[in-house]
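Worksheet for the structure shown next.
Owing to the predicted nature of the structure, the values given are computational and were not obtained by experimental measurement. Labels below follow one simple rule: chain letters A, B, ... track the order of the sequence lines, proteins then strands, and each chain is numbered from 1.
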Amino acid sequence: MSAAGWWRRQGPWLLGAAVLAAGAVAGPYFDRQREFRIQRAEAARAVPAGAWGRYAGAEWRLRGVTVQDQAMLPRDLQLPGNARVLLAELEIRPDPTAAGESNVARCTLRLRDGRGRSWQSAPEALLTYVRRAGLALDCERPRDRPVGQPYVARLPFLLPDDVAPAALRLELQLFPLPPEDVEPPGTYLDMALPGGR
Amino acid sequence: MATAASRPSPARWRRIAFNAVAVLLAACAVFWLHTHEPGYVERFAPIIVRGVPGADVAARGFSVAIPVDAALETGRILLTPGITGTAPPERQPSSGLWLSVPVRIEVSRDPGRVTAFLRDRDGREYAATAKSSAEPGHPFDHGGQAGRMFESNLAGLSLAPGFPASGRLYFEVPANRLQGLHARFHLGPVMTPNDNLVDIDLGIDRGRAEALRSAATPELRTFMVRGGVL
């Protein structure tokens, strides 16, 4: 019995085993890939600086950012010594439907730097300042603006002074997530800052 | 011819033996894999990152240090700020001891809160006392002290990258459980599978436990009052 004969006789079994092994590796791999897509990796919708982005039944635009150093802030805010405030002016054009209006108010905003660090809008340390300066806590329409009209939300962030605003991107997501028929799960707007990367 | 067919050749015996060994080896491998499969606890248990006081212990998403230049303190009654400036501080007496541990915490990626607890030698856990809801910097005027109130308690404080927080954590511990205490920290209110759990041995041996017990002050304050105008 030659070796070649053995391989020929076992051929179908070996082929079957190879197919099963490949399936055992590929199955979980594609499963994980699908999970990652749902979670985050491909969920970002990039918006160039100053451009409008469409997300969750509204159009969004980052109109501008202002950086306020400690010298420009009230002294009694008790902020850390290395802190400064970045004000993001977000223009929102909700769709003139009830669903569009109710969706946009629940926005969560994060600034993310190139090292993966992130800062949330209106953190606890700034609540006093938000109250005093009449800034926004979320993307809700101001009471004095008519329904369906565009409006601007000014949202404050507290950043350490070693972060250059040009190195940041603004991530906008609604939480809880918008219904699946409005946006695929996990989708968020990834907005460039004016003059940023 | 018939005898040759009924009696297998040595080559056939070798093949059968080889196959039997191969099947046995495969069965052993399956058995070994099955018995060494990570259990439920191993798959979901936290990943413990150990450290010692004085060192900055970096875990996924945050880092913790227990400074050695600030001492552990003990007290019999915990004094926390009242809600309003003129309200007397709240007193929480303990049948055991209040242990105050100095800490420095920083989140390195996303904003969040760090949960802290103590673990004794028998695995019993003691949660840190929550920070009061009094607003930091609120005016304080009580018992001959006037100024603005600042709490040193860091429990449940909202943290952001780039802003390390230094302060203390307060735990209520039975007086005979000080020896061998470890401080443990994790990110967020609950642990998710394979979360990093920082474990720092506070280095309390029998002698130090005795010293901490005898040095317990009647009142341990979680806040300070700073006079003057800001």
Side-chain angles (χ1 to χ4, degrees), chain A residues 1-3 5-6 9-10 13 17 21 24 39-40 70 73-86 108-132 137 156-165 167-168 171 173 175 188, chain B residues 8-16 18-19 22 26 33 58 60-63 104-114 131-140 147-152 154-167 187-188 192 223-226 228-230:
Chain A
M1 184 178 53
S2 67
W6 185 86
R9 263 181 291 118
Q10 308 299 333
W13 296 105
Q39 300 267 326
R40 206 141 179 93
Q70 294 258 351
L73 297 165
R75 276 187 66 201
D76 62 344
L77 289 179
Q78 296 296 316
L79 299 176
N82 63 336
R84 54 185 180 174
V85 171
L86 184 143
T108 60
L109 291 162
R110 269 168 196 263
L111 282 174
R112 197 174 288 280
D113 74 355
R115 287 160 55 191
R117 300 187 296 172
S118 74
W119 294 269
Q120 216 155 13
S121 61
E124 259 175 41
L126 283 182
L127 290 186
T128 315
Y129 185 49
V130 167
R131 244 191 340 256
R132 267 195 238 163
L137 286 170
F157 292 85
L158 193 67
L159 297 177
D161 53 13
D162 65 338
V163 180
L168 294 166
E171 295 178 2
Q173 192 171 36
F175 192 80
Y188 67 99
Chain B
S9 66
R12 189 172 156 80
W13 275 117
R14 261 203 308 278
R15 209 163 55 240
I16 289 171
F18 174 78
N19 283 348
L33 282 172
R60 190 170 54 214
F62 72 110
S63 65
R104 181 183 180 278
I105 312 177
E106 183 173 9
V107 289
S108 49
R109 218 182 129 77
D110 293 311
R113 296 168 205 271
V114 169
K131 209 161 77 71
S132 82
S133 54
E135 209 170 304
H138 86 53
F140 182 91
R148 285 176 184 269
M149 185 283 300
F150 294 96
E151 221 172 339
S152 58
L154 293 185
L157 189 73
S158 167
L159 300 162
F163 300 114
S166 287
L187 207 53
T192 49
F223 64 99
M224 65 196 101
V225 177
R226 275 191 222 141
V229 183
L230 289 165

- Item | Nearest atoms (heavy-atom pairs only) where A:W119 meets B:A160 | CD1-CB, 3.9 Å
- Message: I'd like to know whether CZ of B:R12 has more than 12 heavy-atom contacts from other residues, nucleotides or ligands below 6.0 angstrom.
- Response: no
- Message: If I measure from the heavy atoms of chain B, does A:L158 come under 4.5 Å with its side chain, its backbone, both, or neither?
- Response: both
- Message: Counting C-beta onward and ignoring hydrogens, is there a side-chain heavy-atom pair between A:S118 and B:P111 closer than 4.5 Å?
- Response: yes
- Taking all non-hydrogen atoms of both residues, which atom of A:R115 and which atom of B:R109 are closest, and how far apart? O-NH1, 4.5 Å
- Message: Between A:A125 and chain B, with a heavy-atom cut-off of 4.5 Å, which part of the residue counts as in contact: side chain, backbone, both or neither?
- Response: neither
- Message: Closer than 3.5 angstrom, by distance alone: can the side chain of A:D162 be matched with the main-chain N or O of B:G162 as a donor-acceptor pair?
- Response: no
- Task: Below 4.5 Å from any heavy atom of chain B, which atoms of A:P80 appear? Answer side chain, backbone, both or neither.
- Result: side chain
- Item | Over all atoms of both residues, closest heavy-atom pair of A:P160 and B:F163 | N-CZ, 3.2 Å
- Do you know the tightest heavy-atom contact between A:R117 and B:S108? CG-O, 3.4 Å
- Look up atom CD in A:Q120 and atom CG in B:D110, then write down how far apart they are to the nearest 0.5 Å. 8.5 Å
